[in-house]
Amino acid sequence: KLPAIETHSLLREHWNFFRWTGSAGVLSFAQGLVFYLLLPIFSGLESSAALRAMTNFVMPVLQSDSALAVLIAPELARVRMQTTDLSRIVRWSTRLFALEGVICWLLVAVFRHELVHFMYGDRYVAYADLLLLLGALPLVSSRVNVLGTILRVQRRVRHVFWTSATGAAVALVIGFSTMSSFGAYGAVIAGLAADVVRIAVMTYFIGRRGSPRAEDGGDVRASTASPRVAEARR
């Protein structure tokens, strides 16, 4: 059994991790949901329903990418202090995600009319060209997932939150202007722009030198903790 002071330290580290990543998750969820809530104001309920229907074609890839990013997290954590191995895993995972994203994009772009007609009949055929934009979502979202995983395994969860906050702000600012002019197309444009900004911000954070701050649950405490706490953390 761990001493009380060590148990308290371990619980505090878990809480620090949760409060930043949990808040980031709420922001990311809200960013995706807000378009469906605001879009009917600019172009009606049908446009919002069409956006949801078209998103269903890329949703399986988005969900599989998120799951795969979780699977590579333990390996990234194992080599996080080994720059060469970390770069190698990130490079190959990024290439595989990018290949999957390009294939998805090509399939939904080339066969968009046939896919929409097969799934929904003639109801949303007029919105089939949305897949030209939506097809790019797996490509950029997979990059967001990989970079976010790197920040988490480096225990820079505070940066994950601020990245999500920046993306949500960009989505709202761009979304209001693009949805009023382009409807559902504007919502997708805003979502893509937000993800591109998130990629840029996370790349900047990862490129910064220095150790994670203590409030992130970073290496500062881990290096001074007792062996029993270190073992519990592993």
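Position 1 is the first residue of the sequence, and the numbers go up from there.
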Practice item. Could you give me the CA-CA distance, side-chain angles and deciding distance for L134 and V108, then say whether side chain to side chain contact (heavy atoms under 4.5 Å, CB included) is met? Key: CA-CA 9 Å; L134 282 169; V108 297; over 6 Å; no
Check your understanding: Would L139 and F97 count as a side chain to side chain contact (heavy atoms under 4.5 Å, CB included) if you check the C-alpha gap in whole Å, the side-chain angles of each, and the deciding distance to 0.1 Å?
Key -> CA-CA 7 Å; L139 191 61; F97 280 132; over 6 Å; no
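Judged by distance alone, the side chains of T166 and R198 never bring a donor and an acceptor atom under 3.5 Å apart.
For the pair S43 (side chain) and G183 (backbone), a donor-acceptor distance under 3.5 Å is absent. W162 places no side-chain N or O within 3.5 Å of a backbone atom of V157 that could act as its donor or acceptor partner. The closest donor-acceptor contact from the side chain of S47 to the backbone of G44 lies at 3.5 Å or more, if one exists at all.
For the atom pair L131 CG and L137 CG, the distance stands at 10.5 Å (nearest 0.5 Å). To the nearest 0.5 Å, atom CD of residue Q154 and atom CG of residue L86 are 6.5 Å apart. One finds the CD1 atom of I103 at 7.5 Å from the CG atom of L107 (value rounded to the nearest 0.5 Å). Here N145 contributes atom CG and I150 contributes atom CD1; the two are 11.0 Å apart, rounded to the nearest 0.5 Å. One distance of note links OG1 of T94 with CG of L99; it measures 12.5 Å at 0.5 Å rounding. To the nearest 0.5 Å, the span separating OG1 on T163 from CD1 on I199 amounts to 11.0 Å.
When side chains are defined from C-beta on, L130 does not count as touching Y124, because their heavy atoms never get closer than 4.5 Å. Side-chain contact between D122 and V125: present, with at least one pair of heavy atoms (C-beta onward) separated by less than 4.5 Å. Two residues are said to be in side-chain contact when any heavy atoms from C-beta on lie closer than 4.5 Å; S93 and R88 fail this criterion. S141 places a side-chain heavy atom less than 4.5 Å from the side chain of D195. F57 has its side chain out of reach of R112: every pair of non-hydrogen atoms, C-beta onward, lies at least 4.5 Å apart. By the 4.5 Å heavy-atom criterion applied to side chains, F176 and L38 are counted as neighbours. Using a 4.5 Å cut-off on side-chain heavy atoms (C-beta onward), S64 and E100 make contact. Side-chain atoms of R52 and Y36, non-hydrogen and from C-beta on, do get closer than 4.5 Å to each other.
In this structure, F205 and H159 have parallel ring planes: the angle between them is below the 30° cut-off, well short of the 60° mark.
There is a path of hydrophobic side-chain contacts, each under 4.5 Å, that joins Y185 to V170. There is no path of hydrophobic side-chain contacts, each under 4.5 Å, that joins V70 to L151. In terms of hydrophobic clustering, with Ile, Leu, Val, Met, Phe, Trp and Tyr side chains grouped at heavy-atom distances under 4.5 Å, W92 and I206 are assigned to different clusters.
Counting non-hydrogen atoms of other residues, nucleotides and ligands closer than 6.0 Å to CG of L33 gives a total above 12. More than 12 heavy atoms of other residues, nucleotides or ligands sit less than 6.0 Å from atom OH of Y120. Heavy atoms from other residues, nucleotides or ligands lying under 6.0 Å from CZ of R91 number more than 12.
The one candidate from S48, S181, S180 that meets the side chain to side chain contact (heavy atoms under 4.5 Å, CB included) condition with F42 is S180.
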